[in-house]
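Structure first, then comments.
The model shown is predicted, which means the values in this text are computed figures rather than measured ones. For ligands, and for the atoms within them, numbers begin at 1 and follow the listed sequence.
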Amino acid sequence: MFVARIFTLYPEFFPGPLAKGLYGKALVEKIWKLETVNIRDYAEDKHKTVDDTTYGGGSGMLMKPDVLAKSLDQNIKSSEKIIYLSPKGKLFNQNLAKKLSKEKTLNLICGHFEGIDERVINSRNIEEVSIGDFVLSGGESAAIVLLDSVLRLLPKVLGNELSNKEESFENGLLEYPQYTKPQIWEEKPVPNVLLSGDHAKIKDWRLSQSEAITRDRRPDLWQKYKKN
Ligand code: SAH
């Protein structure tokens, strides 16, 4: 069973959308489970303080290393992967999602305020991962994004194994356009080739659509695709 363990000041945010649909079913089937650790429970003073002012000045607060480290040390076994969701982390992508889906247990730290004390990151072998070049107010929504993309890669979560193989990014390209019934909607027909029943032709059409869309919208992906 895949274990997602979330370190957060807001455990009530979880499992949120991850309890629904496919993932809710996979929870019941014990394909994965979610644990939350409330970092505040590890504060030692009577006010349960988790943050303090930053050395060197600045208006923001920072999560205290002693409290955070204690919450980690009492819940994580050595050798488990620990990720801190952070805008200065390595950029998350489908490849990293695949790698993370092979872990048995994934520990995710959700920051708040200005973030967390740098010394914890180094002393506990924590990897920083960013979900994009923008700043959120806390790591919880980032953790949900990361888990959403990892969980669907676990064996048996998606009913149809094929679903994964044809998705955007799987072959380095964005997905081709897709259509369902009705065949004519607001006077717009679906592309003829899709009604032809000619599988080779459909495959070619989809590939050329994928290529055109990728070239147009994502020159960065297009360059990489052409090189391979
Ligand atoms: N001072 C930090 C921003 C802190 S934002 C900086 O400038 O880098 C507060 C928290 O939100 C962070 O601790 C992190 O856990 C989360 N967060 C913000 N943006 C994020 C992003 N792009 N990816 C992942 N987590 C993010």
Side-chain angles (χ1 to χ4, degrees), residues 2-19 23 32 34-43 47-76 80-103 105-153 168-169 174 217-218 220-221:
F2 179 87
V3 180
R5 192 180 292 122
I6 319 271
F7 295 80
T8 173
L9 294 173
Y10 299 99
E12 65 272 21
F13 286 173
F14 297 93
L18 301 176
Y23 297 155
W32 76 290
L34 187 122
E35 294 175 11
T36 50
V37 175
N38 189 341
I39 300 166
R40 198 174 294 281
D41 290 344
Y42 296 83
H47 298 295
K48 293 280 174 198
T49 309
V50 293
D51 58 323
D52 212 329
T53 53
T54 52
Y55 280 111
S59 54
M61 306 293 277
L62 217 53
M63 210 180 284
K64 287 160 58 61
D66 48 347
V67 177
L68 178 57
K70 198 171 159 202
S71 75
L72 300 175
D73 295 346
Q74 294 194 9
N75 290 284
I76 299 178
E80 289 176 9
K81 204 170 205 48
I82 316 177
I83 287 175
Y84 165 45
L85 281 311
S86 156
K88 67 179 158 76
K90 170 178 178 184
L91 209 49
F92 189 61
N93 61 20
Q94 190 66 19
N95 262 340
L96 187 48
K98 263 188 219 163
K99 269 189 214 145
L100 297 181
S101 72
K102 311 247 153 67
E103 297 289 328
T105 302
L106 203 54
N107 294 284
L108 300 175
I109 304 171
C110 306
H112 265 277
F113 325 112
E114 285 304 314
I116 70 180
D117 188 294
E118 191 70 24
R119 292 168 293 181
V120 186
I121 300 176
N122 300 326
S123 68
R124 296 301 185 275
N125 195 23
I126 294 170
E127 283 174 45
E128 289 180 86
V129 173
S130 164
I131 64 155
D133 294 339
F134 40 77
V135 181
L136 305 165
S137 64
E140 284 76 11
S141 50
I144 287 175
V145 166
L146 183 147
L147 274 180
D148 192 338
S149 63
V150 168
L151 291 176
R152 60 199 298 292
L153 300 174
S168 288
F169 308 116
L174 301 178
R217 299 183 185 174
R218 292 292 301 274
D220 56 324
L221 293 180

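- If you check each of L136, L62, I109 against atom 5 (S) of ligand 1, the one with the closest non-hydrogen atom is L136.
- Close N/O approach between F134 and ligand 1 is found [any backbone or side-chain N/O within under 3.5 Å].
- Of all atoms in ligand 1, listed by their number and element, those nearer than 4.0 Å to a heavy atom of G138 are 10 (C), 11 (O), 16 (C).
- Among all protein heavy atoms, the one lying closest to atom 9 (C) of ligand 1 is F113 O, 3.3 Å.
- A heavy-atom separation below 4.0 Å is found between Y84 and ligand 1.
- Listed by atom number, the atoms of ligand 1 under 4.0 Å from G139 heavy atoms are 11 (O), 15 (O), 16 (C).
- Among all non-hydrogen protein atoms, the one lying nearest atom 24 (C) of ligand 1 is S86 N, 3.4 Å.
- An N or O contact shorter than 3.5 Å links G132 to ligand 1 by distance.
- Atoms of ligand 1 lying under 4.0 Å from at least one heavy atom of G115, given by number and element, are 13 (O).
- Here the side chain of Y84 pairs no donor or acceptor atom with the backbone of E127 at under 3.5 angstrom.
- Counting heavy atoms under 4.0 Å from ligand 1, residue A142 touches it through the side chain alone.
- The protein atom (non-hydrogen) at minimum distance from atom 23 (N) of ligand 1 is I131 N, 3.1 Å.
- Shown here is K90, whose NZ atom has no more than 12 heavy atoms of other residues, nucleotides or ligands within 6.0 Å.
- With a 4.5 Å cut-off on side-chain heavy atoms, I126 and L72 count as touching.
- The pair R124-D73 counts as a salt bridge, with a side-chain nitrogen and a carboxylate oxygen less than 4.0 angstrom apart.
- For F134, the CZ atom counts as densely surrounded, since its 6.0 Å shell holds more than 12 non-hydrogen atoms of other residues, nucleotides or ligands.
- For ligand 1, one of its N or O atoms has an N or O atom of L85 under 3.5 Å away.
- Counting heavy atoms of neighbouring residues, nucleotides and ligands inside a 6.0 Å radius, atom NZ of K98 exceeds 12 of them.
- Remark: minimum distance from atom 7 (O) of ligand 1 to any protein heavy atom is reached at P87 CG, 4.7 Å.
- No more than 12 heavy atoms of other residues, nucleotides or ligands shown are found within 6.0 angstrom of CG on N125.
- Remark: ligand 1 atoms within the under-4.0 Å shell around heavy atoms of V135 are 5 (S), 19 (N).
- Distances from ligand 1 to the non-hydrogen atoms of E114 include at least one value under 4.0 Å.
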